[in-house]
Amino acid sequence: MINKWLSYVAAFFLYLVSLLPLRVLYLLSDFAFIIIFHVIKYRRKVVRENLINSFPEKSAEEINGIEKRFFSYLADLIFETIKMLSVSKEELFRRFTFTNTDLVRNFEDQNKSYLFAVGHYGNWEWCTIVTPLIVKSKPLIIYKPLNNNVFNEVFKRAREKSGTVMVRMKMTLREMARFKNQLTVTVFAADQTPALADPHEWIKFLNQPTAIFMGIEKIARSTNYPVIFCDVDRVKRGYYACDFKLVHDNPATTTDKEITLKHARILEDRIKQKPEFWLWSHKRWKFKPAANTIIHELS
């Protein structure tokens, strides 16, 4: 009970912080970067190892530069996520631009539901609030709940402020069935690390064997919902651009792993362009393939 009340106090404090203008939050972010990077050295070993393995062709100086820029952005991302608690959806919409929206409109005009694949690149949290403002479909966003129930509920409400429905991963099929008579866009994280018990395949992603969920492809092929990748770019501090890229418009006709390999390729290309904006502190490669495992090359 004490821990629960402490969580409520902490959540209220974060809400008060979120009321500060972004320009002030970015000043706090600059200070937080010093603490995270130089003082506590948060997961620097993990980040460094991930970068070296992903970019063996880069020099130590280049790796150091990416590492430092990543932690600077991570600090920004923390405060941008806190800002979600009070920011208006109109303010976030002003900070996002979208291209190739005709791709989405085309499916909606045909009364077709579809799927979005996204990566942990740029500010994916703000995307949950902005998405309902640029689509006619009902957004169903698949997520893994936080371990802390209080914080999970607080951030769930923030994400749903503009009409998004947050769906626990284990409830995906049930919720999609519940909304089957409505026009929907179901949003999946394409780079989530699966448990080894989950359906997955091994692909060569960022120069190393990587376990990847097959959920997007399996659902797309069974429903024949078109798949679109949301290619997010950070334009400048506090501003983002999203380009919708077609993965496949007729998934039922695809071959095995075709969809998975294609959306992974789009994400890899984005990461290679500006690597500092991907979530390198995540232990993405904590699982290794067994001997004789087939590693699929990206198409």
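This chain uses plain numbering: 1 for the first residue, then up along the sequence.
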For this session: Answer yes or no: is there a donor N or O on one side and an acceptor on the other, between the side chain of R221 and the main chain of T254, under 3.5 Å?
Result: yes
Exercise. Is the ring centre of F55 less than 6.0 Å from the ring centre of W278?
Worked result: no
For this session: Provide the closest heavy-atom pair for R95 versus R237 in the form atom of the first, atom of the second, distance.
Result: NH1-O, 4.5 Å
Exercise. Between P251 and V227, which heavy-atom pair has the shortest distance, and what is it?
Worked result: CG-CG2, 4.4 Å
Exercise. Without hydrogens or angle criteria, can the side chains of Q110 and N106 be said to hold a donor-acceptor pair below 3.5 Å?
Worked result: yes
Problem set entry | Short side-chain to backbone donor-acceptor contact, N207 and N53, under 3.5 Å | yes
Exercise. Is there a donor-acceptor pair under 3.5 Å between the side chain of S29 and the backbone N or O of L25?
Worked result: no
Exercise. Just wondering, do P209 and T293 contact through their side chains at under 4.5 Å, heavy atoms?
Worked result: no
Exercise. Salt-bridged, R94 to E91, with N to O below 4.0 Å?
Worked result: yes
Problem set entry | Main-chain N/O of L206 paired to K272 side chain as donor or acceptor, under 3.5 Å | no
For this session: Could you check if a side-chain atom of I63 sits within less than 4.5 angstrom of a side-chain atom of I52, using non-hydrogen atoms only?
Result: yes
Problem set entry | Spacing of CZ belonging to R159 relative to CH2 belonging to W124, to within rounding of 0.5 Å | 10.0 Å
Problem set entry | Backbone N/O of Y15 and side chain of S18: donor-acceptor pair under 3.5 Å | yes
Exercise. Would you say N250's side chain and T253's backbone share a donor-acceptor pair under 3.5 angstrom?
Worked result: no
For this session: Decide whether E258 and T255 meet the rule of one side-chain donor and one side-chain acceptor closer than 3.5 Å.
Result: yes
For this session: For the pair K170 (side chain) and K144 (backbone), establish whether a donor and an acceptor sit closer than 3.5 Å, ignoring hydrogens and angles.
Result: no
Exercise. Cut-off 3.5 Å, side chains only: do R234 and Y121 have a donor facing an acceptor?
Worked result: no
Exercise. Taking the side chain from T164 and the backbone from T128, do they hold a donor-acceptor pair closer than 3.5 Å?
Worked result: yes
Problem set entry | Heavy-atom side-chain contact between N152 and Y143 under 4.5 Å | yes
For this session: Decide yes or no for W280 and L51: does some side-chain heavy atom of the first lie under 4.5 Å from some side-chain heavy atom of the second?
Result: yes
Exercise. Are T101 and I134 close enough that some pair of their side-chain heavy atoms sits under 4.5 Å apart?
Worked result: no
For this session: Could you tell me which non-hydrogen atom of A75 sits nearest to which non-hydrogen atom of F33, and how far apart they are?
Result: CB-N, 4.0 Å
Problem set entry | Side-chain donor or acceptor of E217 paired with backbone N/O of T260 under 3.5 Å | yes
Problem set entry | Considering all heavy atoms, the nearest A117-I216 contact | CB-CD1, 4.0 Å
Exercise. Does the side chain of V165 reach to within under 4.5 Å of the side chain of K138, using non-hydrogen atoms?
Worked result: yes
Exercise. Hey, is CG on D109 packed in by over 12 heavy atoms from elsewhere, all under 6.0 Å?
Worked result: yes
For this session: Using atom types as modelled and distance alone, determine if a side-chain donor or acceptor of R44 lies under 3.5 Å from a backbone N or O of F37.
Result: yes
Problem set entry | Shortest non-hydrogen separation from Y114 to E108 and the atoms involved | OH-OE2, 2.8 Å
